[in-house]
2 protein chains.
Amino acid sequence: MSQASHKILNTLRQMIVSGALAPGMKLAEIPTAEMLGVSRTPVRSALATLAQEGLLERIHQRGFHVRRISKEELVGAVEVRSVLEGLAARQAVERGLSNAVLETLQSCLDVGDQLFAKGHINEEDIAHYHDINKRFHATIISASGNPAIEPALARNEHLPFASPNAIRFDKNALDREFQRFAFAHQQHHTVVDAMRRGQGARAEALMREHAYVTIRYVDVDDFANFPDTIK
Amino acid sequence: MSQASHKILNTLRQMIVSGALAPGMKLAEIPTAEMLGVSRTPVRSALATLAQEGLLERIHQRGFHVRRISKEELVGAVEVRSVLEGLAARQAVERGLSNAVLETLQSCLDVGDQLFAKGHINEEDIAHYHDINKRFHATIISASGNPAIEPALARNEHLPFASPNAIRFDKNALDREFQRFAFAHQQHHTVVDAMRRGQGARAEALMREHAYVTIRYVDVDDFANFPDTIK
DNA sequence: AAACTCAATATTGGATACATTAAATCCAAA
DNA sequence: TTTGGATTTAATGTATCCAATATTGAGTTT
């Protein structure tokens, strides 16, 4: 796969994840190729990849359609993430934490503390916290020493809206967002506390619970606007 | 993907999983296509799929090579399976078990009991038990009501030798195999017992432990013969 | 009028030709 | 003799052509 092919893959994936291609919509090779101004070959490759990722579904000998993601699937993906992240935290403790890992985690906590100290957040802060959050989780997953966790999570996350990246927040209710993110950040503190004390089971339990912060979003807000994605 | 393409995909996957294509071996489109007597197109599709499955690794703009699976990855995959199967058992309990599910599980237990009652096993029995085992696990995963578990497990399992399907047993030591399978079957009993009692956490813990029966195989026997697959 | 069959059309799957890119080898110069 | 650059070679990526197949529509027959 070269640039063109990659670009098409990412374009289509983005269009599906963002909802630009509505769930249930039929996606044939030729129209798609024409739409993107390329031949069928790279489109074919991209569609096959997206089908394997679970974003598309093959219609027998008749192309693909955008998979309709049920609420059960989204909630299920969060639950799967929950146990995988929990596993990572526990295994990281069991394996023993290096100073480098502890320092990285601590810096995530410190930066977050600063961010939330002023009692409110703006969009820039949220973007910043998003980075910290990613680093926090990636650090623990890496520290687990279990190379199977990262790919399992990655494949679990590419459902539309299932990943924490896709958390959409109500820009008009930054106050409530502040509460949520601050709570998530406090959970990070508890996880690190457990990890420092070598409490693997506690770290696992806390990390599991932490994954559920996303579900509130799923339940309450985001998907109200996407009736098509809910069964 | 049509028949030809599927066949090639399965052929290549089998060759990789069985070790016929040695880890680290380079796999280019043209030679592979010639070897299999088809054009590059279906080979391309198959290689891309296998790369996405994690069996092959892309060499930048220069084909693929068979991924060298480390022991850490195999053990890690078992641990991932462990928490996912545990999740399935717990969620199945939390959701409530239908009579149909309970009957299926009970029949797996009964058939297994009969198999092991005579105190020894032959190869045919092992094949039979293999089927029962698959049905047992599939039933619980399905009963969990979490549609994200099954694909997560499926993707986790296609590492060579990581899946229970790939358990290779020493045909000259059926006695020891008997011990192992009988033990695994007893674990099935305990899992069902917990599930019947509505003990979700216990069912989860037992199912987690159950997944580790595979690791013994990994550690002790199988991989001694595959030095290339171990780092 | 309804149902079945046949034909036409559209769409995927496979093969091949062409372009692009990376690697390897060879030659020249220092 | 070694190193660097250029050229050649080989392999991927893209486009297009051909074949196989399924669906749809029209026409005919019951």
Side-chain angles (χ1 to χ4, degrees), chain A residues 1-17 20-69 151 154-155 158, chain B residues 1-16 20-68 151 154-155 158:
Chain A
M1 245 177 272
S2 175
Q3 277 195 331
S5 190
H6 252 158
K7 203 174 157 179
I8 286 162
L9 177 62
N10 287 329
T11 303
L12 288 175
R13 190 190 284 117
Q14 185 55 35
M15 288 175 82
I16 295 167
V17 168
L21 294 174
M25 184 175 167
K26 201 171 150 184
L27 217 58
E29 281 180 16
I30 295 174
T32 308
E34 283 170 357
M35 176 181 84
L36 298 171
V38 292
S39 84
R40 282 173 53 209
T41 309
V43 172
R44 262 173 86 168
S45 146
L47 292 179
T49 301
L50 292 169
Q52 215 184 354
E53 288 184 2
L55 261 51
L56 296 179
E57 201 162 16
R58 291 196 108 89
I59 313 167
H60 175 63
Q61 294 270 357
R62 211 89 237 169
F64 303 83
H65 56 246
V66 179
R67 251 195 58 203
R68 192 173 296 275
I69 304 294
R155 286 178 302 230
H158 55 224
Chain B
M1 243 176 273
S2 177
Q3 276 195 333
S5 190
H6 255 155
K7 201 175 158 179
I8 285 161
L9 176 62
N10 287 329
T11 302
L12 287 175
R13 191 190 283 116
Q14 185 55 34
M15 288 175 83
I16 295 168
L21 294 174
M25 185 174 164
K26 203 170 152 185
L27 218 57
E29 279 179 18
I30 295 175
T32 307
E34 284 170 356
M35 176 179 84
L36 298 171
V38 291
S39 84
R40 282 172 54 209
T41 309
V43 171
R44 241 178 119 74
S45 148
L47 292 179
T49 302
L50 292 169
Q52 216 182 353
E53 288 184 2
L55 261 51
L56 297 179
E57 201 162 17
R58 289 197 110 89
I59 312 169
H60 176 62
Q61 296 271 356
R62 202 104 294 212
F64 303 83
H65 56 247
V66 180
R67 252 194 57 201
R68 190 174 297 275
R155 292 187 182 122
H158 55 225

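The analysis underlying the following values was restricted to heavy atoms, covering all of them including side chains, and did not include hydrogens, waters or symmetry mates. Letters go in sequence order (proteins before strands), and every chain restarts at 1.
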Atom CD1 of B/Ile59 to atom C1' of D/dT12: distance rounded to whole Å?
12 Å

May I ask you to evaluate whether A/Ser39 reaches the phosphate of D/dA15, defined as a side-chain N or O under 4.0 Å from OP1 or OP2?
yes

Considering only heavy side-chain atoms of A/Arg62, the closest of D/dA15, D/dG13, C/dA10 is C/dA10

Between P of C/dA22 and CD of B/Glu29, the distance in whole Å:
16 Å

Taking the side chain of A/Thr41 as its heavy atoms from C-beta onward, which of D/dG13, C/dG14, D/dT16 lies nearest to it?
D/dT16

Using the test side-chain hydrogen bond (donor to acceptor under 3.5 Å, both in side chains), find all partners of A/Glu57 that sit at least two apart in sequence or belong to another chain.
A/His65

Grab the NE2-P distance between B/His6 and C/dG14 for me, whole Å please.
10 Å

Please give, in whole Å, the distance from C/dT12 C1' to A/Leu56 CG?
15 Å

Just distance, no hydrogens or angles: give the donor-acceptor pairs under 3.5 Å from side chains in residues 28-35 of chain A, sequence neighbours left out.
from, atom 1, to, atom 2, distance (Å)
A/Glu29, OE1, A/Arg40, NE, 2.8
A/Glu29, OE1, A/Arg40, NH2, 2.9
A/Thr32, OG1, A/Ala28, O, 2.5

Rounded to whole angstrom units, what separation is found between the CD1 atom of A/Ile30 and the P atom of C/dA10?
10 Å

Under a 4.5 Å cut-off applied to non-hydrogen side-chain atoms, are B/Gln14 and B/Asn10 in contact?
no

NZ of A/Lys7 versus C1' of D/dT14: gap in Å, rounded?
16 Å

Whole Å only: how far is the CG atom of A/Leu36 from the C1' atom of D/dT14?
14 Å

Output the single nucleotide from C/dC18, D/dA15, C/dG14 whose closest atom is nearest the side chain of A/Arg44.
C/dG14

Residue closer to the 5' end of DNA chain D, A/Arg40 versus B/Gly63 (nearest nucleotide):
B/Gly63

Integer-rounded Å distance: C/dT12 C1' and A/His65 NE2:
16 Å

Can you name the closest pair of heavy atoms from A/Phe64 and A/Leu47 and give their distance?
CE1-CB, 3.6 Å

Got B/Leu12 and B/Leu36 here, is their nearest side-chain heavy-atom distance under 4.5 Å?
yes

Determine: side-chain N/O of A/Arg58 to OP1/OP2 of C/dG13, distance under 4.0 Å, yes or no.
yes

Taking the nucleotide of DNA chain D with the nearest heavy atom to each, does A/Val38 or B/Phe64 sit closer to the 5' end?
B/Phe64

